[in-house]
Amino acid sequence: MQAFGYLFVFMPFALLVIGQFLDQQWLAFFVVFGVGPLSRFLLGNTSERPTLWSERVASILDLLPVVYAVFAAAALTVSITVIQRYGVGSQPLLFGASLWTCCFFAVVVAHELIHQRGWRRRLGAFLAGAAGYPWLAQEHLMHHSVSGNVELAEWPRLNESVWQFAARRTQRVVRSALQYNAMQAARRNKHVVLGGLGDGIMATVLMAAAFCWAAGSVGILLYAAVIAGVHFGVQAVTYLQHWGLGEDSIADADAGQYAWEDRCRFQGWLMLNMALHQTHHRDSRLPFYRVVPRAGSPRLPAGYVILLMASFFPPLWRWLMLPALNAWKVDPLRQVEPQGWRLVCLPRHFPGA
């Protein structure tokens, strides 16, 4: 069951194409963001203990991100062809929301690939570029090298909102991507154009050209909106994963590499366990199917979708998150987290709140 669950990673793109043929463009967005957060009722949380995979199953899971990249390319080809023949459909805004959903989760899978070596990292760069986030490999690998740093906008400041952090982080993303690209080019003794960033940019340009071919200026505007939405979504998730755990809040933030974790099983399947984020920071080369929650890690009081919505309203965000942060600081091993029917841990659920 656990291994088959990772097949949910293919769901957004499958629903996008199905929605186009049924003229129900809302399908991917609604299922992922409307139904997904309720899945904890039925599927519960992932185990604190590692799963002992057979060698055969582990080998299949290891190939899953690569297969996904091929599937995503095929799904995008079909989707763009449908747009070219029949138009965006009767619900262009909802189609845009569904396309954004697919591209956002494509960046999640690309994140798994860019932490690998050789052609897989390059495949991850192409996938992220097609999804509208061409600098993922460069900026994210730099992110791992400066843990806890709030001045460089790698971790958000304790007192800043998601909006403030996204603005600061955008500037940092561009600078760090260019810096990492130059470093890689110099290390390989190649021109800066061949530092790796060009792969992602080329994929983005090709996708923009495809949407232009399919729908002209409307296609370009649609893809541009998706790019903007994906960029903000990545920064918002970075905020959610690291808020309150930087060097302005915790003395050993650099060495501790602290990050929030959430054990929702469906979310883990869909995001390849990226929500178990402190474990990821401690060992970024660990493949997704071997990632487990880290003992004593800070636990989020709700799943990603709920907290992302909450982050848009800073007073609500702080009301939910400060009790969780303070309780973790007092006793990291006393885990308070959503379970079953309790989708959100309110301040009253935390000791001393």
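Reckoned from all heavy atoms, side chains included, excluding hydrogens, waters and symmetry mates. Count residues from 1 along the sequence.
- Under a 4.5 Å side-chain heavy-atom cut-off, the cluster of Ile, Leu, Val, Met, Phe, Trp and Tyr residues that includes F126 is completed by M202, L206.
- Q184 places no side-chain N or O within donor-acceptor distance of the main-chain N or O of G196, the cut-off being under 3.5 Å.
- The aromatic rings of H281 and H242 sit perpendicular, their planes meeting at an angle over 60°, well past the 30° parallel limit.
- A donor-acceptor contact shorter than 3.5 Å links the side chain of W328 to the backbone of G296.
- Residues H349 and P323 fail the side-chain proximity criterion, which asks for heavy atoms closer than 4.5 Å.
- Side-chain atoms of T279 come within 3.5 Å of backbone N or O of V292 as a donor-acceptor pair.
- Side-chain contact between Q339 and N45 is present, with heavy atoms from C-beta onward closer than 4.5 Å.
- Listed by first and then second residue, the side chain to side chain donor-acceptor pair (under 3.5 Å) pairs involving residues 198-218 are R122-D199 (not counting sequence neighbours).
- Relative orientation of the W260 and W243 rings is parallel, given thresholds of 30° and 60° on the angle between their planes.
- Using modelled atom types, one side-chain atom of R282 and one backbone atom of G256 make a donor-acceptor pair closer than 3.5 Å.
- Residues meeting the side-chain contact (heavy atoms from CB on, under 4.5 Å) test with W319, sequence neighbours left out: L316, L346, P347.
- Classified by interplanar angle (parallel below 30°, tilted 30° to 60°, perpendicular above 60°), the ring pair F266/F8 is perpendicular.
- Using cut-offs of 30° and 60° for the angle between ring planes, the W135 and H231 rings count as perpendicular.
- For residues 69-87, every residue pair satisfying the side chain to side chain donor-acceptor pair (under 3.5 Å) rule, not counting sequence neighbours, is listed here: Q20-S79.
- For residues 304-317, the set of pairs meeting the side chain to side chain donor-acceptor pair (under 3.5 Å) definition, not counting sequence neighbours, comprises Y239-W317, Q241-Y304.
- How far OH of Y180 is from NE2 of H143: 14.0 Å, rounded to the nearest 0.5 Å.
- Side-chain heavy-atom separations under 4.5 angstrom define the hydrophobic clusters, and the remaining members of the one that includes L276 are L286, V291.
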